[in-house]
Q: 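Take this structure, written in structure tokens, and hold onto it; I'll ask about it next.
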Amino acid sequence: MRIATYNVNGVNGRLPVLLRWLEETQPHVVCLQELKAPDEKFPEEAIKAAGYDAIWHGQKSWNGVAILSRVGKPQETQRGLAGDPEDTHSRYIEAAVGGILIGGLYLPNGNPRPGPKFDYKLRWFERFAEHAQGLLDTKLPVILAGDYNVMPTELDVYKPERWTDDALFAPEIRHAFAALVSQGWTDALRHLHPAETIYTFFDYFRNAYVRNAGLRIDHLLLSPAIAPRLDSAGTDHHVRGWEKTSDHVPTWIELKD
DNA sequence: ATGGCTGTTATAAACAGA
């Protein structure tokens, strides 16, 4: 079974690319981020016609997450995170699908740092880590997939020295990511490719894709109950070269049956 | 260091992204 995460950067503007990619790679389950559309503008019909049931948590202009499945309709278990009634951003959705509990997330960017946006990122991360611990406690097979907006190590940044003060690579946020993983999660891509340069994002600026000036910020974390099924992992790097493409690259894992 | 690009929309003397 193939499970993918893809920050589409606008689900309607990106619809031709999304459909082309779905048809080409046929993932069983997909977590989408940055829908940039309210619930009523989610392209449900086109995605249904492509063979996918979906649930989504949208928002006008910004954020927005969804879970797509061609192995049965996702059974939603949660949307949003507990711990902050003031938080209006649509950044988390969770469902049981294909015998796995899938959490799809879009962690805040957090720039500029320092500032209120970075504070919000750290607080959101704390709430997420608390929820993640609760999921681990269930002993269920769980996958937390999405755009974490964190490069975990220097291997995940094309020029680490330029990113040390950035909200995606600052010590506080790298520590938060490391602490999350140390709860017992497996970072699937890094686990299978411990020394390889793998990027999931290339800026639209300055020809970043062609220069391979990328970041690894989209991750799939596996709970102990499912980690033994991990078979392969990678990115659909070529999709970044398509016309009208997202700045992120689809990122996936393959599980043994 | 700066500015480069893209999607969404209050269509910009805008904002946010990473």
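Residue numbers begin at 1 in each chain, while the letters A, B, ... track the order of the sequences. Please read these numbers as outputs of a predicted model, since none were measured by experiment. Just so it is clear, the values below take in all heavy atoms, side chains as well, and ignore hydrogens, waters and symmetry mates.
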Q: Let's see if you can work this out: which of dA10(B), dG17(B), dA18(B) has an atom nearest to the side-chain heavy atoms of K60(A)?
A: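 That would be dA10(B).
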Q: Under 3.5 Å, is there any donor-acceptor pair linking the side chain of N109(A) to the base of dA18(B)?
A: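 Yes, the side chain and the base share a sub-3.5 Å donor-acceptor pair.
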Q: Between C1' on dA18(B) and CG on D147(A), what's the gap in Å once rounded to a whole number?
A: 9 Å
Q: Rounded to the nearest Å, what distance is computed from the CG atom of residue N7(A) to the P atom of nucleotide dT8(B)?
A: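 N7(A) atom CG is separated from dT8(B) atom P by 12 Å.
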Q: Scan nucleotides 5-7 of chain B against the protein and return all N/O pairs shorter than 3.5 Å with their distances rounded to 0.1 Å.
A:
{"from": "dG7(B)", "atom 1": "OP1", "to": "R14(A)", "atom 2": "NH1", "distance (Å)": "3.2"}
{"from": "dG7(B)", "atom 1": "OP2", "to": "K244(A)", "atom 2": "NZ", "distance (Å)": "3.4"}

Q: Please state how far atom CD in Q33(A) lies from atom C1' in dA16(B), giving the value in whole angstrom units.
A: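 The answer, rounded to whole Å, is 17 Å.
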Q: Before giving the answer on ring-ring contact (aromatic ring centres under 6.0 Å, His included), spell out for H237(A) and Y209(A) the whole-Å C-alpha distance, their side-chain angles and the decisive distance to 0.1 Å.
A: CA-CA 9 Å; H237(A) 182 264; Y209(A) 176 60; 4.9 Å; yes
Q: Please list, chain by chain and in numerical order, all residues satisfying side-chain contact (heavy atoms from CB on, under 4.5 Å) with Q183(A), sequence neighbours excluded.
A: A129(A), A132(A), Q133(A), L136(A), L180(A), W185(A)
Q: For L35(A) and dG17(B), give me the distance from atom CG to atom P, rounded to whole Å.
A: 15 Å
Q: Is there a path of hydrophobic side-chain contacts, each under 4.5 Å between heavy atoms of I, L, V, M, F, W or Y residues, that connects V65(A) with I143(A)?
A: yes
Q: Whole-Å distance between dA18(B) C1' and Y199(A) OH?
A: 15 Å
Q: For D39(A), check salt bridge (charged side-chain N to carboxylate O under 4.0 Å, His left out) against everything at least two apart and list the hits.
A: none
